[in-house]
Amino acid sequence: MTRKEAAHEPPTVLTIAGSDSGGGAGIQADLKTIEATGAFGTSAITSVTAQNTTGVQGSHLLPIDQIRAQIEAVLDDFDVRAAKTGMLATSDVIETVKEYAADLPALVVDPVMVAASGDRLLEPDAEAAYEQLIAQATLVTPNADEAAVLTGIEPDDEASAVEAGERIVEMGADAALVKGGHIPGEDVLDILVTAEETDNPAVRTYRHERIDTEATHGSGCTLSSAIAAHLAQGADLQASVGRAIDLLARAVRYNLDVGEGPGAVHHLVEARERAGRTETAETVHALVVAFSEQDVAPLVPEVGTNVVGATPFAERPGEVAAVDGRLRRTMDGVATAKGVRFGASSHVARYLLAAREADASVRFAVNWRYDETIGTALEDFDGDVVTLESTPTLESGAGGALAGVTDPGALVDHGGDGRAPVTVLFGRTPEELETRTEALLDAV
């Protein structure tokens, strides 16, 4: 039997940029990110580079006629809802792109000038040509070095980043996002400056924790592509920028350890997180069944027990599967009246996320009761055991207690702030969590 089609109609995004043979940046990063963010990616390649994670070994600029032909082929056939630019290399290419800018519903300009490796990707006489393209842009996304070239202002703190963004808006752009990755500071501050006549606030600061890694290859491409994809789907500028920054922060933390150099950001990280949810929920359910069969009632505290599991790329409680309603002691052992769902846990999920800061391979946790017998059993426990005293907030306390731990095994929370004393066990695998639970069960 011939099946009936069920076509999907995602919005189209056009990327005009260079090719990266190493796959981590350029057109390759753009298309991966656009597709993972829910849009359909098309491209016009400006130059072909020979590069990898260690640097750029060579580049070849395509003839202007070929670049123009690619752009027109896409625009003639597709309803392009947003476009973004990357490596344009020369003033001729920039001026060519400018010819089409007015007809694009949204244009994100990533003024690529220097690769993360330090290799120059823009001819000096092309810097001036960017001003005319910037005047047509919905958003310009320079890093600190690029903002300095474009404006003459060296962003080295929040105030100077705002000043650089304002200068770019004065050049005609609707908005500028001055990226904070190269600006000193404990946190990364990305500064969005919008034109005064818009309905949005003139300045918006996005703050996130800095990741201790050098694997940032493709970060600018990924961010600008994600913004363009969200704009193409109808999100407003602030929402598009916020979602893209969240994606990039996760993509940098769970970077791809490929090649001999620092590696690349994980362009598909959010898609991979969503893809891992079914397996995670099924594993948590299997743990609940296993604990019920073990008769773990002696370990269950009065408040009940929750079994939780994080997807491999989880960053938030909503990405942690948990028992909805907790395991409770009954006359026949333990039981729960409900199933497993994401976001069902608050406290235990946050304990697990804190442990994942120490070791991201930790994916499962369970809370059991705490008393002197269990405290004694933990003295010979497999894995590091930390203690959480009374603290104003669970997040800061658990994070501080687990900081520097290499093998999160258990956390003892003595309570406070309305919390009863509990023992939280962690495991990289469900088997490890079961084994650690058996050690406590044997002790009681």
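These figures come from a predicted structure and were not determined experimentally.
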Non-hydrogen side-chain atoms of [X] and [Y] separated by less than 4.5 Å:
X: Val140; Y: Pro111; answer: yes
X: Leu388; Y: Tyr351; answer: yes
X: Asp359; Y: Val405; answer: no
X: Val366; Y: Thr437; answer: yes
X: Leu107; Y: Leu133; answer: yes
X: Val97; Y: Val109; answer: no
X: Phe40; Y: Thr42; answer: yes
X: Val80; Y: Val74; answer: yes

Please answer whether the main-chain N or O of [Y] pairs with a side-chain N or O of [X] as donor and acceptor at a distance below 3.5 Å.
X: Arg210; Y: Gly181; answer: yes
X: Asn306; Y: Val323; answer: yes
X: Gln70; Y: Ile45; answer: yes
X: Arg436; Y: Phe426; answer: yes
X: Glu35; Y: Gly41; answer: yes
X: Asp190; Y: Gly180; answer: yes
X: Lys84; Y: Val13; answer: no
X: Gln233; Y: Ala229; answer: yes
X: Ser160; Y: Asp157; answer: yes
X: Asn367; Y: Gly304; answer: yes

Just wondering, more than 12 heavy atoms not from [X] lying within 6.0 Å of its [atom1]?
X: Arg272; atom1: CZ; value: no
X: Glu209; atom1: CD; value: no
X: Glu214; atom1: CD; value: no
X: His285; atom1: NE2; value: no

*asked:* Under the criterion side chain to side chain contact (heavy atoms under 4.5 Å, CB included), I'd like the reasoning laid out for Glu273 against Arg316: C-alpha separation, chi angles, the key distance, then a yes or no.
replied: CA-CA 11 Å; Glu273 189 282 319; Arg316 310 178 181 90; over 6 Å; no
For a quick test of reading the model, state the closest non-hydrogen atom pair linking [X] to [Y] and the distance between them.
X: Ala106; Y: Leu231; result: CB-CD1, 4.2 Å
X: Ala410; Y: Leu425; result: CB-CD2, 3.7 Å
X: Asp407; Y: Gly383; result: OD2-CA, 3.4 Å
X: Val340; Y: Ala321; result: CG1-CB, 3.9 Å
X: Gly318; Y: Phe342; result: O-CB, 3.4 Å
X: Met171; Y: Ala135; result: O-CB, 3.5 Å

_Quiz question: by atom type and distance under 3.5 Å, do the side chains of Thr53 and Glu260 form a donor-acceptor pair?_
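Result is no, nothing qualifies.
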*Does a donor on one side chain and an acceptor on the other come within less than 3.5 Å for Thr90 and Asp92?*
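No, no side-chain donor-acceptor pair sits under 3.5 Å.
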*How many angstroms lie between atom CZ of Arg81 and atom CG of Leu104, to the nearest 0.5 angstrom?*
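The CG atom of Leu104 is 10.0 Å from CZ of Arg81, to the nearest 0.5 Å.
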*Are the charged groups of Glu186 and Arg207 less than 4.0 angstrom apart, N to O?*
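No.
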_Salt-bridge contact Arg243-Glu270 (side-chain N to carboxylate O under 4.0 Å)_ =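 A salt bridge is absent here (no side-chain N lies under 4.0 Å from a carboxylate O).
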*Would you sort out whether Leu139 and Asp174 count as a side chain to side chain contact (heavy atoms under 4.5 Å, CB included), showing the intermediate values?*
CA-CA 6 Å; Leu139 177 69; Asp174 293 341; over 6 Å; no
*Between Arg253 and Glu357, is a salt bridge (Lys or Arg N to Asp or Glu O under 4.0 Å) present by the stated rule, with each step listed?*
CA-CA 10 Å; Arg253 185 185 183 209; Glu357 289 296 319; 3.7 Å; yes
*Please name the residue in the list Val362, Leu287, Val308 that meets the side-chain contact (heavy atoms from CB on, under 4.5 Å) test with Leu433.*
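Of the listed options, the one satisfying the test is Leu287.
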*Please name the residue in the list Asp20, Ile27, Leu62 that meets the side-chain contact (heavy atoms from CB on, under 4.5 Å) test with Val48.*
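Filter result, single survivor: Leu62.
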*Name the one of Thr283, Thr429, Thr280 that satisfies side-chain hydrogen bond (donor to acceptor under 3.5 Å, both in side chains) with Arg363?*
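Exactly one candidate clears the test, Thr280.
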*Considering the options Asp30, Asp110, Thr37, Thr33, which one meets the side-chain hydrogen bond (donor to acceptor under 3.5 Å, both in side chains) requirement together with Ser225?*
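Between Ser225 and the candidates, side-chain hydrogen bond (donor to acceptor under 3.5 Å, both in side chains) is satisfied uniquely by Asp30.
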*Going through the distances and angles, do Thr49 and Met87 end up as a side chain to side chain contact (heavy atoms under 4.5 Å, CB included)?*
CA-CA 10 Å; Thr49 67; Met87 177 182 172; 4.0 Å; yes
*So Val178 and Val193, side chain to side chain contact (heavy atoms under 4.5 Å, CB included) or not? Walk me through it.*
CA-CA 8 Å; Val178 180; Val193 180; 5.8 Å; no
